[in-house]
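Just below is one structure, and these are the notes that go with it.
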Protein chains: 2
Amino acid sequence: MATKPGTTTNTIDRFLASELAGEIEFLTARNRSLGSARANKLLGPLGLKVRSYSVLSLACSGMAPTQRELAEFLLLDPSQIVPLVDELESRGLVGRAADPNDRRSKVITCTNEGMQLYKKARVATAEGEDIAMANLSKSEKETLRELLARIAFPQ
Amino acid sequence: MATKPGTTTNTIDRFLASELAGEIEFLTARNRSLGSARANKLLGPLGLKVRSYSVLSLACSGMAPTQRELAEFLLLDPSQIVPLVDELESRGLVGRAADPNDRRSKVITCTNEGMQLYKKARVATAEGEDIAMANLSKSEKETLRELLARIAFPQ
DNA sequence: ACTTAATCGTTGACTTTATCAAGAGTTTAC
DNA sequence: GTAAACTCTTGATAAAGTCAACGATTAAGT
């Protein structure tokens, strides 16, 4: 009997002391995997995934992102933005508008329905965040948010 | 309030004030993307990627992980572990040993060469971590590490 | 003004990664 | 002792990442 069937926490605890478990890149990868799986589950009933949610969120930000800007901010290839916007557009949630200053670019804007869905989706992702950080105090959450932002957007 | 699109000011800065940029799940996903790309580049000369490095690291931990445990700790499907171990094994870096207590399981152990390569790889990932957290003080780094661990391994 | 180069969205080909089901061998449970 | 559960493995399929090239448009150079 090497491992008791049904108890999955034993395995994790066994490797908490490993050098890998202390590496921030590993912890980040693990948190991303846990977080996106949870977010996808919460967004599923709305017909969204983390990717399409991110695009919808920026489309609803009032900042009029172009597809190129979406790719850069989300760290995706521009060709990956196309089917994401296609799907949201086909559902009437966002629209492609010609940029008057540069007709090569297409500005992504959200429709009223897109905004309504985004508000629901935002509640879902906030719930996921609460679950993820259930063990953290309010000030710890804000500390974590600030430190993550300084790494995600180095000056 | 739509900001003027197409302006050549830094694209990232334009969206720092977006609601998405304040979401921890988004920041985590972005950090993971930046970090794994950087780590893969640093590990490339050693013939490793973040995935194979993670397996090698645990194999060299002295904790004798089984493939099932590797999958659980790394949040991968067990079938994904197979080709990872295959590749490391074919290079003589790790070995599959029958678990004497349970002959279904295979314990992954590292060879001398595996350990030597791991030590070099560990230097590379530490360098990546230094680059990622260049803007953080030493105490901020440890705070971040602890907060990430509490999310990655909820009790 | 006119040619050349660069940019944006898009398509398509291709590789890598993720997800799932099923099978052979082994261990556990009843 | 038989049935159920577990581990590794294979294979099929879907999703995601990477890269080159094209038409339309803009910018740069002369």
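Protein chains get the first letters and strands the later ones, always in sequence-line order, with residue 1 at the start of each.
- The residues B:E146 and B:R150 are annotated as salt-bridged, a charged nitrogen and a carboxylate oxygen being separated by less than 4.0 angstrom.
- A salt bridge does not link A:E113 with A:R91: every distance from a Lys NZ or Arg NE/NH1/NH2 to an Asp or Glu carboxylate oxygen is 4.0 Å or more.
- Side-chain atoms of A:L75 and B:R30, non-hydrogen and from C-beta on, do get closer than 4.5 Å to each other.
- Atom CD1 of A:I81 and atom C1' of C:dT10 are 13 Å apart (whole Å).
- Between the P atom of C:dA6 and the CG atom of A:D102 lies a distance of 17 Å, rounded to the nearest Å.
- Between the CZ atom of B:R68 and the P atom of C:dT27 there is a distance of 16 Å, given to the nearest Å.
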Anything under 3.5 Å between a protein N or O and an N or O of nucleotides 23-25 of chain C, put it in a table, one pair a line.
none

Kindly give the atom pairs (protein nitrogen or oxygen, nucleotide nitrogen or oxygen) under 3.5 Å for nucleotides 15-22 of chain D.
unit_1	atom_1	unit_2	atom_2	d
D:dG17	OP1	A:R51	NH2	2.8
D:dG17	OP2	A:R51	NH1	2.5
D:dG17	OP2	A:Q80	NE2	2.6
D:dC19	N4	A:S79	OG	2.9

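- Counting to the nearest Å, the C1' atom of D:dC6 and the CD atom of B:Q67 are 14 Å from each other.
- In this structure, CG of A:N40 is placed 14 Å from C1' of D:dA14, rounded to the nearest angstrom.
- Contact of the A:L76 side chain with the A:L84 side chain is registered, since non-hydrogen atoms from C-beta on lie closer than 4.5 Å.
- Taking the charged nitrogens against the carboxylate oxygens, A:D99 and A:R68 have no contact shorter than 4.0 Å, which rules out a salt bridge.
- Atom CD of A:E87 and atom P of C:dT10 are 15 Å apart (whole Å).
- A salt bridge does not link A:E129 with A:K141: every distance from a Lys NZ or Arg NE/NH1/NH2 to an Asp or Glu carboxylate oxygen is 4.0 Å or more.
- In summary, the side chains of B:E25 and A:Y53 do not present any donor paired with an acceptor at a separation below 3.5 Å, with no hydrogens or angles considered.
- Regarding A:N101, its CG atom lies at a distance of 16 Å from the P atom of D:dT25, rounded to whole Å.
- Sorted by first then second residue, the ring pair (Phe, Tyr, Trp, His ring centres under 6.0 Å) pairs that include residues 63-82 of chain B, not counting sequence neighbours, are A:F15-B:F73, A:F26-B:F73, B:F73-B:F153.
- In this structure, A:D99 places its CG atom 11 Å from C1' of C:dC8, rounding to the nearest Å.
- Counting non-hydrogen atoms of other residues, nucleotides and ligands closer than 6.0 Å to CG of B:N112 gives a total of 12 or fewer.
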